Amino acid sequence: MTLQVRLLPALAQVDAVQWDALHDGANPFLCHAFLEGLERHGCLREDWGWTPRHLTLWEGERLVAAAPGYLKANSHGEFVFDHAWAHAYARHGLDYYPKWLFAVPYSPVTGPRLLARDEACRRALLVEIARRTAADAVSSAHVNFHTEAEDRLFDEDWLSRIDVQYHWHNQDGWADFDAFLAAMDHKHRKNIRQERAKVQRAGVTFRRVHGDEATPGDLDAIHRFYLQTFRDYGNAPALTRDFIGHIARIMPRNILIILAIRNGVAVAGALCLRGTDALYGRYWGADGVLPGLHFETCYYQGIEYCLEHGLARFEPGAQGEHKLARGFLPTLVRSRHRITHPQFRQALRDWCTEETSSVQRYAANLVAHSPFRASS
């Protein structure tokens, strides 16, 4: 049967069961409830540069492949930085926007981007992306934070980029936090213990609650901390309180809220999502500054949670060399980019080649500064 292509302006037009049948459920960011919730609860707006344009393939009324996609009028909320590309287009009198992005909004988390029942359908998605990008005169198509397994599906017309994130792995099957620390050299082990002790001496305790354990006050608090961080950095917050409530209600065991309590009041918090074998740290905020509070709330509490619940990996978000000293090792992440304009495609290919070499050298240097003992 010939596959039918449908470009959808809203994920609500896809049955949740059919959408979720296309992925294994290990990555919560791909769930229909998460992606459709962003649209339904005001986190994605055209005036913010996000216009949903999901690519789907059908056999009759049966969904066989899909790629969550968005027409972008800017490059905000993507975490793969192409502002220099946009400026180069502008200098030559060309429009870089809109571009077609395939990613999870606001989430620099690696996961499948070509959702399909088999490899043939995944390849069909890429063929259709290329065809539609050229036919619609869109400057480019971008697939951000795809998996290593998907990488081999892209042909040479898709430019390759890599970047470095810092991920924690339970590499030796540690049973608890002390065992994790024991794998480190003395300097780093001592530093972490001192940071944790400062938070304890300040009288801070912690609550970790899933969505179905969180009170309305807990949800209010974590959203308030999220807003505070965005205000502190002068950025516009996108996630609404309604969205936080939505994922707590619909995906209760996939959301983890870490709250720092002092004198009976929440003073800081971190919002995480949980997958099958990984924890993903997304946002944090605090009412004030206390020594070690950020590291404890965002990193050590998450590591403890992973150890207690048997999770193999903790991804605390993009960037941050300071994570290395706290047990998060450099990990390469990927993106692919299809540029319509042939001259720009070649120029950017050379640019990407140089960038890749630079990132690989950087990652190799980071590995040499691992906080773990050589025998670990």
Side-chain angles (χ1 to χ4, degrees), residues 49 53 55 67-105 107-114 122-167 318-321 329-368:
R53 194 188 196 220
L55 177 61
Y70 308 87
L71 285 180
K72 287 300 306 299
N74 55 46
S75 294
H76 300 314
E78 300 175 19
F79 296 91
V80 176
F81 302 106
D82 60 352
H83 301 91
W85 298 10
H87 293 156
Y89 267 68
R91 286 195 300 271
H92 287 80
L94 299 174
D95 293 326
Y96 187 66
Y97 305 109
K99 62 181 186 179
W100 201 3
L101 171 70
F102 296 89
V104 176
S107 303
V109 174
T110 293
R113 297 295 178 258
L114 307 172
R122 282 188 280 275
R123 292 185 182 279
L125 283 171
L126 286 177
V127 169
E128 191 59 29
I129 291 171
R131 188 182 76 81
R132 292 282 175 152
T133 300
D136 296 346
V138 177
S139 75
S140 50
H142 308 259
V143 180
N144 288 0
F145 300 103
H146 62 279
T147 66
E148 183 176 6
E150 289 173 316
D151 201 51
R152 62 185 177 82
L153 300 176
F154 295 87
D155 64 29
E156 62 180 11
D157 286 334
W158 287 89
L159 308 184
S160 174
R161 297 183 68 186
I162 59 173
D163 199 359
V164 172
Q165 290 184 355
Y166 300 85
H167 298 172
Q319 304 170 334
E321 285 187 11
L329 299 182
T331 302
L332 294 180
V333 293
R334 299 165 178 79
S335 61
R336 286 282 188 158
H337 310 268
R338 188 180 184 92
I339 308 300
T340 302
H341 193 289
Q343 283 74 36
F344 265 102
R345 185 189 311 142
Q346 184 55 50
L348 292 176
R349 185 186 306 279
D350 297 339
W351 186 93
C352 289
T353 299
E354 293 180 6
E355 180 192 50
T356 295
S357 296
S358 176
V359 171
Q360 289 173 334
R361 289 193 299 270
Y362 174 66
N365 181 62
L366 289 171
V367 170

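What you are looking at is a predicted structure, and each value in this text was computed from that prediction instead of being measured.
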Between the side chains of [Y] and [X], is the shortest nitrogen-to-carboxylate-oxygen separation below 4.0 Å, so that they form an ion pair?
| X | Y | result |
| --- | --- | --- |
| D155 | R338 | yes |
| R161 | E355 | yes |
| K72 | E78 | yes |

Is any side-chain heavy atom of [X] closer than 4.5 Å to a side-chain heavy atom of [Y]?
| X | Y | answer |
| --- | --- | --- |
| L125 | F102 | no |
| Y166 | E321 | yes |
| L55 | I129 | yes |
| Y89 | I339 | yes |
| V333 | I162 | no |
| R334 | S160 | no |
| Q165 | F145 | yes |

Quick check: does any side chain N or O of [X] sit under 3.5 Å from a backbone N or O of [Y], one acting as donor and the other as acceptor?
| X | Y | answer |
| --- | --- | --- |
| W100 | R53 | yes |
| S358 | T356 | no |
| R113 | G111 | yes |
| T353 | R349 | yes |

Exercise. I would like to know whether V164 and L332 meet side chain to side chain contact (heavy atoms under 4.5 Å, CB included); could you show each step before the answer?
Key: CA-CA 5 Å; V164 172; L332 294 180; 4.0 Å; yes
Practice problem: Begin from the C-alpha positions of F344 and L94 and carry the test side chain to side chain contact (heavy atoms under 4.5 Å, CB included) through to its verdict. | Solution: CA-CA 11 Å; F344 265 102; L94 299 174; 3.6 Å; yes
Exercise. Could you grab the distance from atom NE2 of H87 to atom CG of D82, nearest 0.5 Å is fine?
Key: 10.0 Å
Exercise. Could you tell me how the ring of H83 sits relative to the ring of F81: parallel (under 30°), tilted (30 to 60°) or perpendicular (over 60°)?
Key: parallel
Practice problem: Measure the acute angle between the ring planes of W85 and H142, then classify it against the limits of 30° and 60° as parallel, tilted or perpendicular. | Solution: tilted
Quiz item: Which residues pass the side-chain hydrogen bond (donor to acceptor under 3.5 Å, both in side chains) test with D151, sequence neighbours left out?
Solution: H146, R336
Exercise. Step by step, work out the side chain to side chain contact (heavy atoms under 4.5 Å, CB included) result for L114 and L153.
Key: CA-CA 10 Å; L114 307 172; L153 300 176; 4.1 Å; yes
Quiz prompt | The single option from S139, S140, S75 passing side-chain hydrogen bond (donor to acceptor under 3.5 Å, both in side chains) against K99 | solution = S75
Self-check item: Partner set under side chain to side chain contact (heavy atoms under 4.5 Å, CB included) for T340, not counting sequence neighbours
Solution: T133
